[in-house]
Amino acid sequence: MALVLNEEQLMLKDSARSFLDSQAPVSHLRELRDSEDREGFSRELWAEMADMGWPAILVPEQYGGLGYGYTGIGIVLEETGRNLTPSPLLCTAMVGAAAIVKAGSDEQRESLLPAVAGGQHLLALACDESSRHAPHEITTTAVKDGESYRISGRKINVADGHIAETFIVSTQTANGVSLFLVPKDSGGVSVEPFRQLDTHHAANVAFDQVVVNKSSLLGPLDDGLGLLDYLLDVGRTGASAEMLGLAQEVFSRTLDYLKERKQFGVPIGSFQALQHRAAQLFGELEMCKSLVLKALQTLDEEPDGDPELASLTKSKLGETAHLAATEAIQMHGGIGMTDDFDIGFFLKRCKILDNLYGDSLYHLDRFARLRGY
Amino acid sequence: MADNGTFRRETRDWLEANCPESMRQPYNYEADACWGGRNCKFQSEDQKAWLQRMASRGWTVPTWPKEYGGGGLDLAQAKILKQELARINARPPLESFGISMLGPPLLKFGSEELKLQHLPPIARGEIRWAQGYSEPNAGSDLASLQMRADDMGDHFIVNGSKIWTSYGDKGDWMFCLVRTDFEAKKHAGITFVMFDMTTEGVSTRPIKLISGKSPFTETFLDNVRVEKNQVIGEINDGWTIAKYLLSHEREMIAGAGILASGSLPVSEVAARALGRQNGILSEPMLRADIARFEIDERCLALTIERARDEVKAGVSLGAVASMFKYYGTELNKRRYELLMSVSGQEALQWEGGEDGLGELPKKWLRTKGNSIEGGTSEIQLNIVAKRILGLPG
Ligand SMILES: Cc1cc2nc3c(=O)[nH]c(=O)nc-3n(C[C@H](O)[C@H](O)[C@H](O)COP(=O)(O)OP(=O)(O)OC[C@H]3O[C@@H](n4cnc5c(N)ncnc54)[C@H](O)[C@@H]3O)c2cc1C
């Protein structure tokens, strides 16, 4: 497939951009923070996003979705990344929807997908137990008990864990790894929400002898590792798309400043030391654009995705977005360090996205392993 | 016209039947590349046959029009041909500055006579071209060049010297920048001319590189007659042609950053040399550097692919070529630094290696020129900053 967006995708991009520019620019995030919003995102905005059809993008048409695929949702995430807009898009509309579409039973699809597509039902992937991402090291257990399973364990730093109606939980079962759909109001689930440094919220979630029916199993019993990896790769690609938007925006703000700010009687952008760093960053961002598009298209084309490409992309985006955000602060000088100025928000958000589902070093290692070295 | 599925099948069959087995191996030595030209000495019958068969289909220059010796393919077909060639690790049938540098400006700006005179011999590999741009005092500041061309009516008489002429001793013809107006601003008095290097008054002197090889020369012009019908574009408007050519040259050089088809990835070379422990390379720091490198290598390949998908046929990549040139050449330097590390002390012998030719250290040294030739890395960054990012000064 050609590495360009088609007409439909270009229109989606345009409409996402103009909607977010007017409804949810960076000042929206600032207001949420300053008002100490309890959830760290706006339910009204989410309802508008649902009206635009965004949570329906990945959902097949038969369940009330749009069927625009991963490239479609990735395009929108790139735009929310640009504006640092907090929303359940990544966790619900991308990872969550992918989980049910890919592995859900007919019953799970019918009960969840229409509500996901409509934005009424929020999901969260609960997979991390240690501070450094190590999704295969699972101590949370699901023990069979007649027609049910009893789930016990603790997941940390669950993105959107503070708002999810249903958790997708990775567990150790008798002979392997299995995923379960666990409603938040099941007895024994306790959610400890917190605010992250980027003012988005998340939660630690404890499961204490939580009883779920065996129909809550998502995907194969004992053989869910492949599904878990797939969902993580989906999330990694989505986070990369968001970082792409973030990095481009922070770079473009920096370029504007280089042209506008004067010292020694000339714009600081005429200094070659800064020009060359900006030019290098431009090149890296061009690389990132190709990666993200290729990774999204690959998810649309390959039923099992391409783990090597997902890690490559996450690693490169984490590194480049971080570079763009730190260079932005440096090239803004003192004003870049102030809370009044928006540039700092980009570095904070980037830190969260880089860590989400494994940071750039984790994926550098995974990339090498997957390539056999 | 046949659909692309049919085209792919036919192409695959034709390549299967026509690409000799020995041409499906990666280059090991510089001599493995075929450069054609009047004095070409083919390394083997296979090499000769491969060039002739490809040229007969116009596939040394797949997208050039048929009347100029090309294959007349559209971009989608050219992409398919490229993929099919890569699939069997086929060597390029022909390396040529005529194809990668002169062809594009000649196609765009040349008169019909000039196209018919020069393009078909380029496509068939019969005439080898040299580039006369740099002068002793005009390197990065190319437009300050001083080679003098005096107007004699229907021809010029040219005097001066060029330097760093790659394969100056092997070139049959030269495309060259000369100054035709000494009063005008420096960019406005330049003309783009072509001449046969056997013309009286042309001489070359070899220059030896740090790699011990001598693939380039100083080139002297002493009262050389150059016909006016060998000018591309307008007299005094050669800078337009020169820049257009440079963007294609830079795109070509950038390709050095991509793993050549059939070559082993650096990680595989490392795994064979160093071995694995528990499935991973036994040297963790080297492993991390290699992984970073291979990520960037993939980035470049994908971005070149994306740019080709974005660009319509014939449109110059312009300043973006500078970004690619910078990225690709810095990447190729990293590749050879890593290969040298992987090989360790073994690579330090001047006449070392399996065949006693010391190919690896010599290639490593040669790559240092990648970020100089075709305009230095610093110059590429200047161009990106000004032309693409619009930074002042
Ligand atoms: C292997 C090889 C093959 C070549 N083949 C050919 C050929 O076939 N034909 C041909 O015509 N030429 C050829 N060249 C010449 C090449 O194009 C020049 O060497 C190149 O343009 C640099 O010019 P220079 O050597 O005079 O260096 P200089 O221009 O003197 O540069 C010296 C240093 O100063 C830096 N510098 C200069 N100006 C600036 C600036 N404005 N901002 C920041 N830094 C700056 C440069 O980046 C470089 O680091 C070849 C060179 C090499 C190494």
Side-chain angles (χ1 to χ4, degrees), chain A residues 1-5 251-252 254-256 258-260 262 266-295 297-298 308-309 311-317 319-320 360-361 363-373, chain B residues 75-76 79 265-268 270-271 274-276 278-284 286-292 294-311 319-320 322-328 330 377-378 380-393:
Chain A
M1 182 182 281
L3 278 174
V4 287
L5 297 181
F251 179 60
S252 124
T254 305
L255 273 185
D256 289 345
L258 290 179
K259 292 172 191 172
E260 172 190 306
K262 286 196 174 143
V266 292
I268 56 172
S270 60
F271 302 134
Q272 199 176 52
L274 301 188
Q275 288 186 345
H276 283 192
R277 276 152 61 190
Q280 283 164 326
L281 202 44
F282 167 80
E284 296 296 352
L285 290 174
E286 287 301 306
M287 303 297 140
C288 289
K289 286 185 201 168
S290 321
L291 280 185
V292 168
L293 183 54
K294 181 73 181 178
Q297 288 183 348
T298 301
E308 188 183 306
L309 182 61
S311 274
L312 188 170
T313 304
K314 185 72 168 48
S315 183
K316 183 75 184 176
L317 266 293
E319 207 159 279
T320 307
S360 58
L361 289 174
H363 286 291
L364 189 65
D365 177 70
R366 182 169 181 258
F367 168 78
R369 272 175 209 278
L370 289 168
R371 280 182 60 83
Y373 64 94
Chain B
L75 285 186
K79 190 168 174 177
V266 175
S267 58
E268 187 53 36
L274 306 173
R276 298 177 172 94
N278 303 324
I280 67 173
L281 266 189
S282 43
E283 285 202 49
L286 190 51
R287 173 177 180 262
D289 274 1
I290 291 173
R292 282 213 168 82
E294 291 195 339
I295 284 180
D296 289 347
E297 189 182 42
R298 189 80 194 282
C299 281
L300 178 70
L302 281 172
T303 306
I304 289 179
E305 186 185 334
R306 179 168 64 88
R308 294 217 169 112
D309 286 342
E310 281 173 357
V311 163
V320 181
S322 290
M323 184 276 286
F324 283 123
K325 203 265 169 184
Y326 169 74
Y327 210 94
E330 294 299 332
S377 278
E378 290 76 18
Q380 305 316 309
L381 293 174
N382 286 347
I383 293 173
V384 171
K386 299 205 173 83
R387 305 272 158 70
I388 302 180
L389 305 180
L391 292 172

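Naming convention: chains lettered A, B, ... in sequence-line order (proteins, then strands); numbering from 1 in each chain.
With hydrogens and angles ignored, the 3.5 Å screen pairs a side-chain donor or acceptor of B/Thr303 with a backbone N or O of B/Cys299. Within the 3.5 Å criterion, the main-chain N or O of B/Val384 finds no donor-acceptor partner in the side chain of A/Gln275. In this structure, the side chain of B/Asp309 engages the main chain of A/Leu3 through a donor-acceptor pair within 3.5 Å.
Remark: A/Lys316 does not engage A/Glu319 in a salt bridge, criterion side-chain N to carboxylate O under 4.0 Å.
Comparing B/Gly279, B/Ser282, B/Ala76 by heavy-atom pairs within less than 4.5 Å of chain A, the highest count is held by B/Gly279. With chain A as the partner, the residue from B/Ile295, B/Ile280, B/Asp296 showing the most heavy-atom pairs under 4.5 Å is B/Ile295. Chain A forms the most heavy-atom pairs under 4.5 Å with one residue out of B/Ala291, B/Ala385, B/Pro284, and that residue is B/Ala291. Contact count against chain B (heavy-atom pairs under 4.5 Å) is highest for A/Asp365 among A/Leu291, A/Val4, A/Leu361, A/Asp365. Counting heavy-atom pairs under 4.5 Å between each of A/Lys294, A/Gln272, A/Arg371 and chain B puts A/Arg371 at the top. Each of A/Gln280, A/Arg277, A/Met287 has some count of heavy-atom pairs under 4.5 Å with chain B, and the biggest count is that of A/Met287.
Contacts of B/Ile383 with chain A are absent, with no heavy-atom separation under 4.5 Å from either backbone or side chain. No part of A/Leu274 comes within reach of chain B, as not one of its non-hydrogen atoms sits under 4.5 angstrom from that chain. If you measure heavy-atom distances from A/Glu286 to chain B, the contacts under 4.5 Å come from both the backbone and the side chain. Heavy-atom distances place both the backbone and the side chain of A/Tyr373 under 4.5 Å from chain B. Residue B/Glu294 touches chain A through both its backbone and its side chain, counting heavy-atom pairs closer than 4.5 Å. Heavy atoms closer than 4.5 Å to chain B are found nowhere in A/Ser252, neither backbone nor side chain. For B/Ile304, no part lies near chain A; criterion is any non-hydrogen pair under 4.5 Å. When heavy atoms are compared at a cutoff of 4.5 Å, A/Arg369 approaches chain B by way of both its backbone and its side chain. At a 4.5 Å heavy-atom cutoff, B/Glu330 makes no contact with chain A through either its backbone or its side chain. If you measure heavy-atom distances from B/Arg306 to chain A, the contacts under 4.5 Å come from both the backbone and the side chain.
The side chain to side chain contact (heavy atoms under 4.5 Å, CB included) search around B/Glu268 returns B/Leu264, B/Pro265, B/Arg272, B/Arg276, not counting sequence neighbours.
Rounded to the nearest 0.5 Å, atoms CG (B/Leu75) and NZ (B/Lys79) are 9.5 Å apart. In this structure, B/Arg298 CZ and A/Leu312 CG are separated by 6.0 Å, a value rounded to the nearest 0.5 Å. Taking OG1 from A/Thr254 and NZ from A/Lys259, the interatomic distance works out to 11.5 Å, rounded to the nearest 0.5 Å.
Side-chain contact check for A/Glu284 versus B/Tyr327: some heavy-atom pair is nearer than 4.5 Å. For the pair A/Leu258/B/Leu389, no side-chain contact is recorded, criterion being any heavy-atom separation below 4.5 Å from C-beta on.
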